[in-house]
Amino acid sequence: MKGNSVFSAFSVHRRGLVRLVAAALAPGLVAAGAVVAATPAIADDVPQHKGGATATLSGLKIYGQAVIRDSGEEQQVPAGLFEMSVDDGGTLQTYCIDIQNPTQKDAEYQETSWSGTSLGENSDAGRIRWILQNSYPQVNNLAELARKAGASSLSEKDAAAGTQVAIWRYSDDADVEAADPDAEKLADYLHKSARNLAEPKGSLTLDPPAVSGHPGERLGPVTVRTNAGRVTVTPPVDSATSGVTVVDKNGKAVTSASDGTELYFEVPKGAANGSAALQVQASTTVPVGRAFASETRSQTQILAGSSESTVSATAAANWAKRGAIPALSAEKNCAKGGVDITVRNEGDEAFTFELMGLEHTTEAGQSQTVTIPLQEDQAYDFTIKGPNGLEKRIKGVLDCRTESAAGDDTVQVASAPSPASVGGTSGGSDLAETGSSNATPFVAGIAVALVVVGGAAVFLVRKKETPTDE
């Protein structure tokens, strides 16, 4: 394939499986769609990321060509650096770590931990971080980089292509070579020299992302974790009327914080049952090696470079005078192949909630993590219901494995560009995506149906006592 032709992820095996699922579910698709549509619009979304950078994919900007070999066939694909625009300011450069999955033009990405991506189960993830730190664009002396690789010279396109090829060999276990001989020498050098490094810490997180308690108490702590010097703390939007403030452990109002700062929601004693949220924001460079994942089924990326960028995180508080007082959060767990829903109940009564037709109870003073097992690439959209009209919606797509990790599928290559874009429109010719496919929306629809029909999933439950402050 040449130029901006697109490499498609869909295999004969997977397409056959989709047809089989579609046939099995066909009689119930109308009913399933009705259930999804009936999800209450008032339900609040439960965030599945603890904070960091949010960015929109701009496209593949600096790239050369690579050759992928699969089942005796060869295909040429673009390989290099993507660019993302950070919300509220900043630019990111990334490489793909999910070669056989689709790329959605203008997809929104969230900074995430490795555990929420295929890197969490990849023993070579640390080698990818080494490659990023020891190649382009972190190393912009291309003459020196060429010398180390034994190449005659390297252009930016060659350097980007060679780096991407080396990453694919570890991220996707792909049989791939750079088309340019010097880029291939760089790929070989990086691949052979790489050693395992630890996962980088996030640019900005709040832990935990949700707390609860009684009016008249300081609810928390919520601990700030950041590589920025200082972060701005924004109190709840209605703090002037509700009286809810953000304070430190001594009760002093907080407007800025640093790494390790503990924040508390101070709720007036006479406050009615309610909830509030605080936000922290900073300008910093995102650490190289951080993963970026999208909920629009767009291939996972890994950070190669960052300008000074805006990062943020949000934490919520829930309070009541008596009864169950839950704090809810959700996070993808690729090691268990599902989504963890954590409930912390700081009330004086048990908290019982319904999830996909099943009932769960978290005792007073305890926390409970329910792992919802899902199939790879499965879209999910469900609501946690509890007392007093509580409804919290959790939605997304489980994308934990690369195609190579999922099985020995036969790669199919599109004969012409057909990028699957958000909103169903084709992307521009300036975006040379790897792994795009116009079949993605169909698969996502089937996955949603699977969530509805498969409501009797088995849950893995972990219980533990809620830590208490000393």
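Positions are given from 1 along the sequence.
- Two residues are said to be in side-chain contact when any heavy atoms from C-beta on lie closer than 4.5 Å; Gln164 and Cys96 meet this criterion.
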Sequence neighbours excluded and cut-off under 3.5 Å, please list the side-chain donor-acceptor pairs for residues 224-233, or say none.
from, atom 1, to, atom 2, distance (Å)
Thr226, OG1, Ser203, O, 2.7
Thr226, OG1, Ala228, N, 3.0
Asn227, OD1, Thr284, OG1, 3.1
Asn227, ND2, Thr285, O, 2.9
Arg230, NH2, Ser256, OG, 2.8

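- In terms of heavy atoms, Ser298 sits closest to Gln104 at OG-N, 2.8 Å.
- Shown here are the side-chain contact (heavy atoms from CB on, under 4.5 Å) partners of Glu121, two or more places apart in sequence or in another chain: Ala335.
- Note that the CZ atom of Arg290 and the OG1 atom of Thr94 stand 14.5 Å from one another [nearest 0.5 Å].
- How far CG of Asp98 is from CG of Asp172: 6.0 Å, rounded to the nearest 0.5 Å.
- For the residue pair Ser115 / Ser113, a side-chain donor-acceptor distance below 3.5 Å is found, with atom types taken as modelled.
- In this structure, CD in Glu266 is found 9.5 Å from CG in Leu219, a value given to the nearest 0.5 Å.
- A side-chain donor-acceptor contact under 3.5 Å links Asn196 to the backbone of Gly126.
- For the residue pair Leu204 and Ser312, the shortest heavy atom distance occurs at CD2-CA, 3.6 Å.
- Side-chain contact between Thr103 and Gln299: present, with at least one pair of heavy atoms (C-beta onward) separated by less than 4.5 Å.
- The distance from the CD1 atom of Ile131 to the CD1 atom of Ile167 is 6.0 Å, given to the nearest 0.5 Å.
- Checked for salt-bridge contact, Glu184 and Arg169 meet the test: a charged N lies under 4.0 Å from a carboxylate O.
- You'll find the side chain of Phe382 reaches within 4.5 Å of the side chain of Ile372, heavy atoms only.
- The two residues Val254 and Val247 make their nearest non-hydrogen contact at CG2-C, 3.5 Å.
- A donor-acceptor pair shorter than 3.5 Å can be found between the side chains of Thr362 and Gln368.
- You'll find the side chain of Pro236 reaches within 4.5 Å of the side chain of Val246, heavy atoms only.
- Contact check for Trp114 versus Ile128: no side-chain heavy atoms found under the 4.5 Å cut-off.
- Under the 3.5 Å distance criterion, with hydrogens and angles disregarded, a donor-acceptor pair is assigned to the side chains of Ser152 and Asp182.
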>> Set out, in order, the CA-CA distance, both residues' side-chain angles and the distance that settles salt bridge (charged side-chain N to carboxylate O under 4.0 Å, His left out) for Arg218 and Glu346, then state yes or no.
In response: CA-CA 12 Å; Arg218 290 175 190 155; Glu346 296 295 340; over 6 Å; no

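- Here Lys185 does not pair with Asp158 in a salt bridge; the nearest charged N to carboxylate O distance is not below 4.0 Å.
- Closest approach of Pro326 and Ser212 over heavy atoms only: O-CB, 3.8 Å.
- Put simply, the side chain of Thr91 reaches to within 4.5 Å of the side chain of Glu83, judged on heavy atoms.
- Between Glu111 and Tyr109, the closest side-chain pair of non-hydrogen atoms is not below 4.5 Å.
- Judged purely by atom type and a 3.5 angstrom limit, Arg344 has no side-chain atom pairing as donor or acceptor with the backbone of Val211.
- Side-chain N or O atoms of Tyr380 include none that pairs as donor or acceptor with a backbone N or O of Ile394 at under 3.5 Å.
- Judged by distance alone, with hydrogens and angles left aside, the side-chain atoms of Gln65 form no donor-acceptor pair with the main-chain N or O of Asp180 at under 3.5 Å.
- Screening residues 233-253 for side-chain hydrogen bond (donor to acceptor under 3.5 Å, both in side chains) gives no qualifying pairs among residues at least two apart or on separate chains.
- For residues 278-287, there are no salt bridge (Lys or Arg N to Asp or Glu O under 4.0 Å) pairs, not counting sequence neighbours.
- Scanning both residues, Tyr95 and Ala159, for their nearest heavy atoms gives OH-O, 4.4 Å.
- In plain terms, the two heavy atoms of Ser193 and Tyr189 that are nearest each other are OG-O, 2.8 Å.
- In this structure the side chain of Asp87 reaches within 4.5 angstrom of the side chain of Thr56, judged on heavy atoms.
- When the side chain to side chain donor-acceptor pair (under 3.5 Å) test is applied to Tyr136, the partners found at least two apart in sequence or on another chain are Glu156.
- Sorted by first and then second residue, the side-chain hydrogen bond (donor to acceptor under 3.5 Å, both in side chains) pairs involving residues 126-135 (not counting sequence neighbours) are Asp124-Arg127, Ser135-Thr163.
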